[in-house]
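The structure presented is a predicted model; accordingly, all values stated were derived computationally and were not measured.
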Amino acid sequence: MGLKFFNSLGRVKQDFTPLKAGEVRMYVCGVTVYDQSHVGHARVMVVFDLLYRWLQQSGFSVCYVRNFTDIDDKIIQRAAENGEDVFSLTQRMIAAFHRDMDALGCLRPTVEPRATDYMPQMIAMIESLIDKGIAYLSDGGDVLFSVRSFSDYGALSGKNIDDLASGSRVDIDQKKRDPLDFVLWKPAKMGEPAWQSPWGDGRPGWHIECSAMSCHHLGESFDIHGGGMDLKFPHHENEIAQAVAANGGDFAKVWLHNGFVNINAEKMSKSLGNFFTIADVISCYPAEVLRMFIVGTHYRSPLDFSDQALSEARLGLDRLYEVKKRVMQLDDIALADQLLLPQPFVDAMNDDLNTPEALAVLFETAHRLNKAIDEGGDVTDDWSSFVAMTDLLALVQDDATGWFQSGVNDLDVAHIESLIAARKEARLAKDFARSDAIRAELMALNIILEDGAAGTTWKVKELA
RNA sequence: GGCAGGGUGGCUCAGUGGUACGGCGGAGGACUGCAAAUCCUUUAUUCGCGAGUUCGAUUCUCGCCCCUGCCUCCA
C-alpha cells in the first residue's frame, strides 16, 4: 500500500505522487509571533513534523517551508502594550517558539522564512494582481483583492460566494467593492512599522505573505500545503486565489488540515482565553508526554486537552519506557543490522498518517518484547523494530532510568541509594520488618522500589 | 441561515460489509519474603436513534437527535 492522504481540496483520500519524482515540496503555515505558542500550535507542529519525517523515511527528498508571520496588527498592538520594539518582540517569540519545538522533538524545517524578509516578493505579486485587474486600490488607500474576479474562489472550503455574502458576519466596509474582498496591502498609521511600496508606505495583509513565500521557495505549483483547520477559510482560500491569479500554476496539490485541540469540548484559542502554552505544559510534564498525547489521536480528529488526557499519555509512555528499561538490563542487547519498520506500522503511516494505528503496532511490539524477556527468548528483531518506530515517532528518546527518576535532585538520589543499600543488608539478614520499613519510608517520599534480577532499582511514583 | 466534521466499552482511541485495534482503568491468577514491573485469563450480543438495501451493517442509503468547528483574528 502506497502513501495516501486525505486531501482537503476535494475531501477525498487519494494516492500521493509528488509533482517531481523523488522530491516533495511542502509548505506549512507557521505562527504569528506575538505571544507564546500554545498546545494548539504544538499539534500542528508535531503533526507536520511527523509528516516531514515520514516523507523522508519514505525515501523522498523533502523541502519543508514553514513561515513566521512577524508583522501584523496583533504584533504591533502587543509591542505597544509592552513598550517594546516590534522587532525585539518577534525575535523573542521566535526564540521561544524554537525552544518549544526543540523540546517537542520537532525537526527544523528546511527553510523558516519571515514575512518581513519578503516585501519585494509580496509587492511584486500585488502589482501583478493589479495589472491583471484582480486587485484594486480603494479610496482608503488599501489594496484589495477582488474575490469576484477569481472564478474558483471557494473551491477549497466548499463555500459559495453568494452564501458567504448573505449569511455573512463580515462587516460591510464601504471601501470594499464586495464585502468579501480582502486586504493585500494597507497603509501604515503614524508610528507603525512601514515598508515602501507603489501605494505608499504600509504593510502587507496577512494572506499575501504565505502565497509569496511559498511560491518563492517552492514554485508556483508544489505538493503539499498544511495548517490548522481554522486556516482553511479564509486564509488558505485567499492564498490560492492570490497565487493562482498572480502566477498561474496550481499552487498546492494536496491540502492537509489538522483538527483542533479542545478544552471542555471547546476549541482552544487565544480569543477564548482557554489556552495552555507549551511552556506551561512542559513545566508539568516531560515534553514527550505532550508529543505522545498528540500522536495518540489521528491528526484530523478533535483532540481534547485535559490533565487526565496528559496523564494517560504519560502512562502509555511509561509502559514503553518500562520495556526499554528491561531491554537495557539484558546482558547482550543487539540491534539488527538494519532497523526495519514493521509492515503494519508502515501501512498505518501510509494511510493518511494514522498514528494511533501505528502506536498500536508499537505497543504490540512492546508486549512481544516483554514476553520474550520473561521467557528468555531472542529479542533482537522486536527490539530493532521498537527502536525504529520510536525513533521515527520521536518518542521514548530519553534514557529509561532517567525517565523514571526525573525531578529528583542529587542529594535525594544519594539518600535513596543509601536506604536501598541498608535495605539490601536487611534482606540478606532476612530482616523483612526492617526491609519493609525502608520500602514504606521511601514510598512516603513517592519512591517505588523494584527488586529485580539485577538488583533493586527505584522510580518516582507519578501522581495521577 | 450556509458549509464541514463527529457520536465506538468505565475513560481514551483506531477500524471494517461478516459482530470491533491499541492504551489507561477494573476483576481473577502466575511470579515476588512483601511489593513493583511483567505475563496469563477476563472486562462492548455491541459501535447516537429509527427505517431501508443486503444472506449479513457498526461499516452503504435515507430520515431524526445530539456535539463541535468554519462563515471575523485564530494552528
Exactly one of A/V361, A/L341, A/D351 clears side-chain contact (heavy atoms from CB on, under 4.5 Å) with A/V346, and that residue is A/L341

Do A/R423 and B/rG33 share a donor-acceptor pair, side chain to base, under 3.5 Å?
yes

Is the phosphate of B/rG15 approached by A/N354 (side-chain N or O, under 4.0 Å from OP1 or OP2)?
yes

Suppose we define a pair by two distances each less than 3.5 Å, Watson-Crick or G-U wobble; what does B/rA27 pair with here?
B/rU41

So what does A/M268 touch, heavy atoms closer than 4.0 Å: a base, only the sugar-phosphate, or nothing?
base

State whether the distance check finds a donor on one side and an acceptor on the other, under 3.5 Å, for side chain A/R427 versus base B/rG33.
yes

Report yes or no: is there a donor-acceptor pair, N or O only, under 3.5 Å between the side chain of A/S435 and the base of B/rG33?
yes

Less than 3.5 Å between a donor and an acceptor, one on the side chain of A/E364 and one on the base of B/rG22, is that the case here?
no

Assign A/K430 to base, sugar-phosphate, or nothing according to its heavy-atom contacts below 4.0 angstrom with the strands shown.
nothing

Give a yes or no on whether a donor-acceptor pair under 3.5 Å exists between the nucleobase atoms of B/rC70, that is its base, and the side chain of A/K159.
yes

When you check the side-chain N and O atoms of A/Q36 and A/T277, is any donor under 3.5 Å from an acceptor?
no

Quick one: on RNA chain B, does A/R439 or A/G296 contact a more 5' nucleotide (nearest heavy atom)?
A/G296

Give a yes/no answer on whether the side chain of A/H298 brings an N or O atom under 4.0 Å of OP1 or OP2 in B/rG5.
no

So what does A/T297 touch, heavy atoms closer than 4.0 Å: a base, only the sugar-phosphate, or nothing?
sugar-phosphate

Categorize A/K325 for me: base, sugar-phosphate, or nothing, with a 4.0 angstrom heavy-atom threshold over every strand shown.
nothing

In the structure shown, which nucleotide is the Watson-Crick or G-U wobble counterpart of B/rU53, with both distances under 3.5 Å?
none

Is a donor-acceptor pair below 3.5 Å formed from side chain A/D451 to base B/rC34, judging by atom type as modelled?
yes

Across the strands shown, which category fits A/V261 at heavy-atom distances under 4.0 angstrom: base, sugar-phosphate, nothing?
base

Does a distance-only test, which skips hydrogens and angles, find a donor-acceptor pair under 3.5 Å between the side chain of A/D436 and the base of B/rG33?
yes

Has A/F363 got its ring stacked on B/rG22, by the test of a centre gap below 5.5 Å and a plane angle below 30°?
no

Examine distances only and state if a side-chain atom of A/K176 and a backbone atom of A/D181 form a donor-acceptor pair shorter than 3.5 Å.
yes

Okay, side chain of A/T116, backbone of A/D70: is any donor-acceptor separation there less than 3.5 Å?
no

Touch check for A/E375, heavy atoms < 4.0 angstrom, all strands: base, sugar-phosphate only, or nothing?
nothing

Taking the nucleotide of RNA chain B with the closest heavy atom to each, which residue, A/C29 or A/G452, is nearer the 5' end?
A/G452

